[in-house]
Amino acid sequence: MAESIIELQSVNKWYGEFHVLRNINLNVRKGERIVICGPSGSGKSTMIRCINRLEEHQKGHILVDGTELTNDLKNIDAIRREVGMVFQHFNLFPHLTVLENLTLGPIWVLKKPKAEAEETAMKYLNRVRIPEQANKYPGQLSGGQQQRVAIARSLCMNPKIMLFDEPTSALDPEMVKEVLDVMIGLAQEGGMTMLCVTHEMGFARKVADRVIFMDRGEIIEQNTPEEFFSNPQNERTQLFLSQILH
Amino acid sequence: MTTASESLPPPTASTGPIAWVKERLFSSPLNTILTVLSVWIVLMSLPPFIEWALIKASFTASTSQECRASGGACWAFIGQKYRLMLFGLYPYDEQWRPLIAAIVMIAMIIVSTVQRFWNISLLFIWVGGLAVVAILMWGGIFGLRYVEDTQWGGLPLTLILSTFGIALAFPFGILLALGRRSKMPAIKTLCVLYIELIRGVPLISMLFMSSVMLPLFLPEGFSIDKLLRAQIAIIMFAAAYLAEVVRGGLQAIPKGQYEGADSLGLSYGQKMSFIILPQALKIVIPPLCSLFIAVFKDTSLVVIIGIYDLMQSTKVALTDPAWRGFSIEAYVFVSAIYFIFCYGMSKYSQNLEVRLATGHKR
């Protein structure tokens, strides 16, 4: 078994009185591709947002690539450099062009020269198949294009881990595929550790090594996609699957 | 039939001038009444004003009696007194110096509005320009006579007070706004206290305090220049208001922008200067412009501590016994000067809004 790159040990989190993460234990191996699903409010987004400290956990330990997440800003910065994130609402910077969106991190965080950063940016724009949009502003692109730019922006930072937080939920139906295709390509290439919160079960079947089902702040069940879909153990999983797989 | 149907041109606008007038000015009884009323007001007020300001006006009279006989505006008064109004008590023979200084200041401001100069060269332009202004105004070197700043006055003084007031209050106000949103309780409390205290006090009383009370607290023999004290009071005052305007902009930025920046590993400073502030400031351009206009006009309150800005120099010009009773002309003249600057700022801010609009429209 390969070494683990992310470890969550008895992680707990509350929003006020609401216990949103209950005793989460999770080990992610290097290069593993995980799909996390579950009803809304089950804490799946909160869990992956804890991994790059967009949310703070209150109990337990989170280790990313051997570094523990604490209040130490140095650790947080180090971890964020290794972890890319793609958001439901893209979170592109609307006042910067696509190319500037892609080069900002590499230039200021990785201290790369501008020319090199632009070259890398164009490489990834080619990879998400929209190099011709480099000098437009995000507001001029369609939702699917924006999300592909957002994926490219994360890749430009050369992360070891990619977190996807419902990357297709805010898209019009006809644009879901173009984003999924990019994600599938990324997954099939291998090497990248991916955690993806999504309800795209086709994507899970195709590329996931493991599917995790969460409900009410707990990990209820995890299994390989084949087992998970054909033979769900827990009745909450069965109920959830019956609702989303018509 | 598989081809898409041809796209048609939009229907041509069929309204001629008469239709336009009917539609826009007389479309309903209320609209008709408002139109008639507006036209009536313009007809009632405009001809008398033109008669007073232009037709019956006297431009060349050499005495006030001659001027008054014409029955209209006495612009000759401005011709007699414009140097006092524009330059205050600055020594008469040396008034070319504040004139050039004012031109340099205005030139620097205009250069700063051009996007092409928004780089490091602007810093050098300002440092160089301000050195020129300081040398011209104070003198004392290059064979220029030394002129104490208590003798400065008029338009150059107004420009100096408002330019520095705005330029220095801007960064200070941004820091206060960021401080007020800080998670560190000490910094947050300090910023809130500062903003609320300063906003709760009229500018006049701050100027008065800086002029009268501050020296009481300073050790004996130690004094800060009166003009500098007024300048500091204006900066402190403007910064508090600016902080709240900027905070409004910061609050309008969606959380996702912060998270996007965080997820890239940008530091707090980088996140604020590259992502958050550029967007926040763009949103608050209209209220910022209002604030700058207000600061520009509020500099006239320095009269309270005996500084001869544009407004006060005008009042002095009116006290000449040989030219009594031309306050309307004088104030129209000064108002026109204030208006030109304020309207310029307003126009520029509108232009900037259009120019910086990128993201939100498709």
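Quick note: numbers below take in every heavy atom, side chains included, and nothing from hydrogens, waters or symmetry partners. Below, chain A is the first sequence line, B the second, and so on; all start at residue 1.
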Under 4.5 Å from any heavy atom of chain A - which part of B:E259: both

Of A:N52, A:L163, A:L104, the largest count of non-hydrogen pairs under 4.5 angstrom with chain B goes to A:L104

Check whether A:L92 gets within reach of chain B through its side chain, its backbone, both or neither, counting any heavy atom under 4.5 Å. backbone

I need the minimum non-hydrogen distance between A:C50 and A:K13, along with the two atoms involved. SG-CD, 4.1 Å

Just so I understand: if I count every heavy-atom pair under 4.5 Å between each of A:H89, A:M85, A:R49, A:E100 and chain B, which residue has the most? A:R49

Verdict with supporting geometry, A:N135 and A:T97, side chain to side chain donor-acceptor pair (under 3.5 Å): CA-CA 6 Å; A:N135 293 312; A:T97 63; 5.0 Å; no

Side chain from CB out, backbone as N, CA, C, O: work out which of these in A:F93 comes under 4.5 Å of a heavy atom of chain B, or both, or neither. both

Residues A:N71, A:R53; criterion side chain to side chain donor-acceptor pair (under 3.5 Å); working and verdict: CA-CA 9 Å; A:N71 281 324; A:R53 197 67 166 196; 2.7 Å; yes

N-O pairing of A:R129 and A:E178 below 4.0 Å: no

What residue among B:I110, B:V132, B:I160 forms side-chain contact (heavy atoms from CB on, under 4.5 Å) with B:M105? B:I160

